[in-house]
Protein chains: 2
Amino acid sequence: MIQVQPENERVATNMIGFRPLYRQVRDTLVRRIADGVWRPGQLLPSEPELATDLGVSQGTVRKALDEMTAENLVTRRQGRGTFVAKHDDARMLFQFFKLVPDRGEREVPESKVLRVSTEIEPAAAKQLHISVAEPIVVIERLRLLAGTVHVAERICVQAALFPGLETHEAPNNLYDLYSRSFGVTVCRASERLKAVAATANEAEHLGASPGDPLLEVDRVAFSLDGRRVEWRVSRCRTDSVHYASDVR
Amino acid sequence: MIQVQPENERVATNMIGFRPLYRQVRDTLVRRIADGVWRPGQLLPSEPELATDLGVSQGTVRKALDEMTAENLVTRRQGRGTFVAKHDDARMLFQFFKLVPDRGEREVPESKVLRVSTEIEPAAAKQLHISVAEPIVVIERLRLLAGTVHVAERICVQAALFPGLETHEAPNNLYDLYSRSFGVTVCRASERLKAVAATANEAEHLGASPGDPLLEVDRVAFSLDGRRVEWRVSRCRTDSVHYASDVR
DNA sequence: CAGTGGTCTAGACCACATG
DNA sequence: ATGTGGTCTAGACCACTGT
């Protein structure tokens, strides 16, 4: 019996900051996932179990889980159960990798790391809302589609959040590594897109000419608990690929 | 009594193409909105009314309306009722206008129409999935933020869908005009973004130099009933603004 | 005050997956 | 056969809105 309550005493109605029960349940479950009680890919307890554990009705648990499904935090399968979402499959990679060939199928990009270092980087610290004195791990890498370099990017994270990150073999899907090895699960990102001119250095890496137009994607990624955990600036050739965005 | 049924005879279970009741209700309500039974901004019948009208429980109506809320098709206000979403307020404009100043508040763009014509335009017909012989209305215009031209765009729609569109004073928010005057409500769009080099003509309009990097936004807009109703290509200066995208 | 949507509960039946 | 999530129902109480 792990009651969600109190917080909602029927007495003190009209209180500001009131959250409905199903949202408290959601937050409780998210917290447990963030804390590693259930790891990505793992099966959650069934709805009736959670309901009795938390002291609420099954319908309330269902509403909480439905919200989490909409947020891509869990996957539900009829007859199987509810699973913590994984980042390692193609679908989850594509959730954040929005570069698509103009013609032909979507494909998984390759990665080629150029440089990894730990530095004081005030600009990154500012983006991540942490002290400018905090050490930052900086990763520079290229990404390839169909064997051709399309992206040059620079990734900045707080070193203290990812101890030993520099020594890891940087995998294709960084967010999977963050989640598996450091318990930091990226669930959403805010991106700013611009068209910029390629520098000489970028042009060389990307097989373009200086001054060629590149798509710059400036992304801040947020973890389950709402912290800013990564700042990434990608510069992309878009002559044969495009950035796909669905607006609703 | 306007039954939703049959379609779901309990007898023929396991039928492919099965849709749950609440989705049939949703589709029925969407159809009525698309058909103009309820106009944008208008109040819908209450949940109990809809439930008895459609011969389902209130909970099922609620689930349908919740989906429509998530799709920005209706707005619900406790104590007031459920309203058909409007496109004319700033929030709805911003749903599709994603260009934001790098510093400072979001603002509503001005529009300056350069040219309106009706032509045979095979490329547009292909994008809209209609016959290449269908006449197309082409609108070319500039959009300004803080008095400065930031966007040059070319908009193509099927002339038959918008009779007399050329004679209209083109307003700031085209989608509001589509909805009010032609009963075509845009509810979502698919966009492809690229970085391109400005042509001499674009450079002149945008106050830039030929070859300067521009952000190209290639958008197909869909109406409530799922038809492709507009193809629009925008070319944007992004030196002091950016395209904002939230990924989840 | 009456009527609306928002929340919460309890229980039924279904389709799907696994043993 | 059992247990899971998916759907559907019925009814309760609440908070908000207008009269």
Side-chain angles (χ1 to χ4, degrees), chain A residues 3-29 38 42-70 73-85, chain B residues 3-29 38 42-70 73-85:
Chain A
Q3 288 278 116
V4 176
Q5 299 296 342
E7 171 164 354
N8 272 2
E9 289 309 323
R10 299 299 186 196
V11 184
T13 185
N14 241 347
M15 55 190 290
I16 57 172
F18 164 87
R19 285 181 310 165
L21 238 197
Y22 69 85
R23 190 163 299 275
Q24 298 176 45
V25 170
R26 189 206 85 101
D27 292 347
T28 301
L29 298 179
W38 302 300
Q42 207 176 327
L43 180 64
L44 257 59
S46 72
E47 291 181 3
E49 270 182 272
L50 287 171
T52 57
D53 276 6
L54 298 169
V56 301
S57 80
Q58 184 176 345
T60 300
V61 170
R62 177 179 298 277
K63 189 153 184 180
L65 289 173
D66 282 347
E67 272 206 354
M68 294 170 70
T69 301
L73 301 183
V74 298
T75 302
R76 319 188 72 187
R77 266 176 288 179
Q78 193 173 94
R80 300 279 310 279
T82 304
F83 301 82
V84 181
Chain B
Q3 288 279 116
V4 177
Q5 299 294 343
E7 171 165 353
N8 273 2
E9 289 310 323
R10 298 299 185 196
V11 185
T13 185
N14 241 347
M15 55 191 291
I16 56 172
F18 164 87
R19 284 181 310 165
L21 237 198
Y22 69 85
R23 190 163 298 275
Q24 298 176 46
V25 170
R26 188 205 86 102
D27 292 347
T28 302
L29 298 180
W38 303 300
Q42 207 176 328
L43 180 63
L44 259 59
S46 72
E47 291 181 3
E49 270 183 272
L50 286 171
T52 56
D53 276 6
L54 298 168
V56 301
S57 80
Q58 184 176 345
T60 300
V61 170
R62 176 179 299 276
K63 189 153 185 179
L65 289 174
D66 282 347
E67 272 205 354
M68 294 169 70
T69 302
L73 301 183
V74 297
T75 301
R76 319 190 71 188
R77 266 176 288 180
Q78 194 174 94
R80 301 279 308 278
T82 304
F83 300 83
V84 181

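These values consider heavy atoms only, across backbone and side chains, with no hydrogens, waters or symmetry-generated copies. Labels below follow one simple rule: chain letters A, B, ... track the order of the sequence lines, proteins then strands, and each chain is numbered from 1.
- With DNA chain C read from its 5' end, the first of the two nearest nucleotides for A/Q78 and A/V61 is the one closest to A/V61.
- For A/G79 and B/L44, each mapped to the nucleotide of DNA chain C holding its nearest heavy atom, the one lying further toward the 5' end belongs to B/L44.
- Neither OP1 nor OP2 of D/dC8 sits under 4.0 Å from any side-chain N or O of B/T60.
- Ranking D/dG6, D/dT7, C/dT7 by closeness to the A/R76 side chain, first place goes to D/dG6.
- A close approach under 4.0 Å does not occur between any side-chain nitrogen or oxygen of A/K63 and OP1 or OP2 of C/dC8.
- Residue A/S46 places its side chain closer to D/dT4 than to any other of C/dG5, D/dT4, C/dT7.
- Remark: side-chain polar atoms of A/Q42 are not paired, donor with acceptor, to backbone N or O of A/V84 under 3.5 angstrom.
- Atom P of nucleotide D/dT7 and atom CD of A/E47 are separated by 11 Å, given to the nearest angstrom.
- Side chain of A/E49, nearest nucleotide from D/dT4, D/dT7, C/dG5: D/dT4.
- Here the closest heavy-atom approach between residue B/V61 and residue B/V56 is recorded as CG2-CG2, 3.7 Å.
- Taking CG from B/L54 and CD from B/E49, the interatomic distance works out to 11.0 Å, rounded to the nearest 0.5 Å.
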Collect all protein-nucleotide pairs involving nucleotides 10-13 of chain D in which both atoms are nitrogen or oxygen and the distance is under 3.5 Å.
none

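- Side-chain nitrogen and oxygen atoms of B/R80 include at least one within less than 4.0 Å of the OP1 or OP2 phosphate oxygen of D/dG18.
- Across A/A64 and A/R26, no two heavy atoms sit closer than the pair CB-N, 3.7 Å.
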